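Here the structure is a predicted model, which is why all the values come from computation and not from measurement. The basis for the numbers below is simple: all heavy atoms, side chains too, and nothing from hydrogens, waters or symmetry mates. Whatever order the structure lists them in is the order used to number ligands and atoms, beginning at 1.
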Amino acid sequence: MAATVVVGTQWGDEGKGKVVDYLASRAEAVVRFQGGANAGHTIVNDHGEWRLHLMPSGIFRPGVLCLLGTGTVVDTASLLAEMADLESHGISVAGFRLSDRAQVVLPPFLQVEEREEELRGGGEIGTTGRGIGPAYATKAARFGIQAGDLLDESRLREALDLLFGRYRAWLGLDAAEAKHQGQALLGDLIDAGQRLAPYIVDPAPLVAGWIANDTALLMEGQLGVMRDLDWGIYPFVTSSNPTAGGACSGGGIPPRFIKQVTGVVKAYTTAVGAGPVPTEDVGAVGQALRERGGEYGATTGRPRRCGWLDLVAVRYACLLNGTDGLAITKLDVLDELEELQVCVRYRSPEGEYDLVPQARHFGKLEPVYVRLPGWRRPTRDIRKLEDLPAEARAYLDLICEQTGVPLALVSVGPHRDYTIHV
Ligand code: GDP
Ligand code: IMO
Ligand code: MG
């Protein structure tokens, strides 16, 4: 087995979906290893434009097995809707598999999440509202329901009683109401289990087969390092590990089978949701990037916060992920700019930072920029690195120099074909 892990190196929405769809031409399986329907991975190919939330981005490649791995949290209604949508457009989901150990996202998690955000009183995380935090919290507290449990009515019945017992106070229910509400979900969950049964698998024998057959795997990360539960801008993070280590625990991949880690870098910065974004520009530059890049959330439609490329974040991501190749996306969005800026370190009264410090330092950070000339020429039809304008190559070179990681791919448009393979 040789696994390539594709990870986000910023605040998410780097273009991972596009990169995975492109690279999947040479993969036998694509595995999502963390996150849930908070993901919005956009893919533009000959099947049109798709925003995938749960389905791994290899689904457009016939014959590629697409596993929603053990480390994910799955809203079954959302998954079934996505599967039906794909099938109704002639895209087969026969290659889809769901780990029997993946966690199920349940309706009360969405209510709890709303209450938790209210509790923060002004310090909201601005989550995607998909129940992700409560789903992982419930899993860690060992009150969760695994996808395999959907196939066993008596386990499910007991699990719902326990779960609603646990959240009773949060939901403002007395014991009898809690039991009633829990059991009211039973029918829907059993139905979802029946519909998903053909796809639910034990991933361990799959992993054994991958190892035995030297299968080419792509591991698709969700979000980016700055929203990693442990390494990101806590508490403005998601509740799982989008960094490459998450591929081992969440995907069931032994670490020594990871042969490559590709870091996806958007050519500038965007973020949705709250929390520090040192290079955010609330003026004309941010506005121009948002309009040219179409920077509106793929899951919630929220306008993304935009700014110049932050290489401190990308450098940090490369370090933590062991990144050995960069996939730089959305270079074309910068085509018309006269001058570009890139943040190469942060300055604060305490000193300078080359890597992202712990969150308590964030209020005092100022980005230190270098300026580069723009290229002011369209790049979308370019397919060879050497054909890019010299200024664009200099921009890419700066990113590689500052991170110490070579270029693997450059994306110059949303469609699968708008790609420069290095
Ligand atoms: P992901 O969550 O990392 O998969 O990224 P998103 O899909 O949320 O956001 C990336 C957006 O940029 C999507 O709308 C893509 O279609 C688009 N996109 C990806 N690569 C390129 C590119 O090279 N150029 C342009 N203009 N758009 C791109
Ligand atoms: P993809 O995979 C961008 C952000 C939310 C919020 C924080 C926590 O498309 O890159 P959560 O719902 O996970 O509890 O929210 O993380 N966030 C994303 N931002 N792209 C995503 O996914 C995101 N998934 C979550 O806005 O700040
Ligand atoms: Mg996205």
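Taking the six-membered ring where the residue is Trp, Trp231 and Tyr316 present perpendicular rings, their angle passing 60° and hence far from 30°. Taking the six-membered ring where tryptophan is involved, the planes of Trp50 and Phe60 are tilted, since the angle between them lies from 30° to 60°.
Among the atoms of Gly40, an N, O or S atom falls under 2.8 Å from the Mg ion (ligand 3).
Proximity of a side-chain donor or acceptor of Asn241 to a complementary backbone N or O of Thr243 within less than 3.5 Å is not detected. Judged by distance alone, the side chain of Tyr136 and the main-chain N or O of Gly35 form a donor-acceptor pair under 3.5 Å. With hydrogens and angles disregarded, a donor-acceptor distance shorter than 3.5 Å links the side chain of Arg302 to the backbone of Gly126. With Arg416 contributing its side chain and Ile43 its backbone, the two residues share no donor-acceptor pair below 3.5 Å. Arg315 contributes a side-chain N or O that, together with a main-chain N or O of Gln402, makes up a donor-acceptor pair within less than 3.5 Å.
Which parts of ligand 2 touch Trp11 is read off a 4.0 Å heavy-atom cut-off, strictly below it: atoms 3 (C), 19 (N). Atoms of ligand 2 lying under 4.0 Å from any heavy atom of His41, numbered from 1 in the order shown and given with element: 1 (P), 2 (O), 9 (O). Taking every non-hydrogen atom of Ser411 and a distance limit under 4.0 Å, the qualifying atoms of ligand 1 come out as 20 (N), 21 (C), 22 (C), 23 (O). Every atom of ligand 2 with a heavy atom of Gly273 under 4.0 Å away is listed here by number and element: 26 (O), 27 (O). Every atom of ligand 1 with a heavy atom of Val333 under 4.0 Å away is listed here by number and element: 26 (N). Taking a cut-off of under 4.0 Å to the non-hydrogen atoms of Arg380, the atoms of ligand 1 that pass are 26 (N). Per-residue contacts place Gly12 under 4.0 angstrom from the following atoms of ligand 2 (heavy atoms of the residue considered): 10 (O).
Here the CD atom belonging to Gln358 is positioned 10.5 Å from the OH atom belonging to Tyr234, to the nearest 0.5 angstrom. In this structure, Glu220 CD and Thr72 OG1 are separated by 11.5 Å, a value rounded to the nearest 0.5 Å.
At least one N or O atom of Gly40 sits closer than 3.5 Å to an N or O atom of ligand 1. The distance criterion of under 3.5 Å between nitrogen or oxygen atoms is not met by Leu331 with respect to ligand 1. Looking at ligand 2, you'll find an N or O of Thr128 within less than 3.5 Å of one of its N or O atoms. Considering both main-chain and side-chain atoms, Thr127 never comes within under 3.5 Å of ligand 2 through any nitrogen or oxygen pair. Polar contact check, Gly15 against ligand 1: a nitrogen or oxygen pair lies under 3.5 Å apart. By the 3.5 Å distance cut-off applied to N or O atoms, Gly133 is not counted among the residues near ligand 2. Annotation: Thr329 places no N or O atom under 3.5 Å from an N or O atom of ligand 1; distance criterion only. Between Gly17 and ligand 1, at least one N/O pair is under 3.5 Å apart. For a threshold of 3.5 Å applied to N or O pairs, the pair formed by Lys266 and ligand 1 contains no separation below that value. Between Gly40 and ligand 2, at least one pair of N/O atoms sits closer than 3.5 Å.
For atom 19 (N) of ligand 2, the nearest non-hydrogen atom of the protein is Val272 CG2, 3.3 Å. Summary of contacts: the protein heavy atom closest to atom 17 (C) of ligand 1 is Lys330 NZ, 3.8 Å. Nearest protein heavy-atom contact of atom 13 (O) of ligand 2 is Thr238 OG1, 2.6 Å. Nearest protein heavy-atom neighbour of atom 24 (N) of ligand 1: Asp332 OD1, 2.7 Å. In this structure, the protein non-hydrogen atom closest to atom 10 (C) of ligand 1 is Asp13 O, 3.8 Å. The single protein non-hydrogen atom nearest to atom 6 (C) of ligand 2 is Gly126 O, 3.3 Å, given as residue, atom name and distance. Closest protein heavy atom to atom 18 (C) of ligand 2: Leu223 CD2, 3.3 Å. Of the protein's non-hydrogen atoms, Asp13 OD1, 3.0 Å is the one closest to atom 20 (N) of ligand 2. The protein heavy atom nearest to atom 15 (C) of ligand 1 is Thr42 CB, 3.8 Å.
Judged purely by distance below 3.5 Å, without hydrogens or angles, the side chains of Ser411 and Lys18 pair a donor atom with an acceptor atom. Counted by atom type alone, Asn45 and Tyr22 present zero donor-acceptor pairs between their side chains at under 3.5 Å. Side-chain N/O atoms of Glu295 and Tyr268 include a donor and acceptor closer than 3.5 Å. Side-chain contact annotation: Thr128 with Arg130, donor-acceptor N/O pair under 3.5 Å absent. A donor atom on one side chain and an acceptor atom on the other are not found under 3.5 Å apart for Asp332 and Thr379.
The part of Lys18 lying near ligand 1 is the side chain, judged by heavy-atom distances below 4.0 Å. With a heavy-atom cut-off of 4.0 Å, Phe236 does not touch ligand 2 at all. Contacts between Lys16 and ligand 2, counted as non-hydrogen atom pairs separated by less than 4.0 Å, involve the side chain only. Only backbone heavy atoms of Val237 (N, CA, C or O) come within less than 4.0 Å of ligand 2; its side chain stays farther off. Contacts between Glu220 and ligand 1 below 4.0 angstrom, taking non-hydrogen atoms only, are absent altogether. The proximity of Arg304 to ligand 1, defined as any non-hydrogen pair under 4.0 Å, is limited to the side chain. The residue Glu14 has no part lying near ligand 2, judged by heavy-atom distances below 4.0 Å. Residue contacts with ligand 2 for Gln222 involve both N, CA, C or O and side-chain atoms from C-beta outward (heavy atoms, distance under 4.0 Å). Contact annotation: for Ile43 versus ligand 1, there are no heavy atoms closer than 4.0 Å.
The two residues Ser99 and Leu67 have their closest heavy-atom pair at N-CD1, 3.8 Å. Taking all atoms of both residues into account, the shortest heavy-atom contact from Val20 to Gly58 is CG1-N, 4.4 Å. Residues Leu189 and Thr76 approach most closely at CD2-OG1, 4.4 Å, considering heavy atoms.
Ligand 2 lies out of reach of Arg304, whose nearest heavy atom is not under 4.0 Å from it. For the ligand labelled ligand 1, residue Gly12 lies outside the 4.0 Å heavy-atom shell.
Shown are Leu68, Asp100, Leu98; of these, the side chain to side chain contact (heavy atoms under 4.5 Å, CB included) with Pro203 is made only by Asp100. Here the rule is side chain to side chain contact (heavy atoms under 4.5 Å, CB included) with Leu311, and of Asp354, Val370, Thr269, Val342 only Val342 fits it.
Closest to the Mg ion (ligand 3) among the N, O or S atoms of Asp13 is OD1.
Among Glu116, Arg227, Gln10, Arg305, the residue whose heavy atom lies closest to atom 27 (O) of ligand 2 is Arg227.
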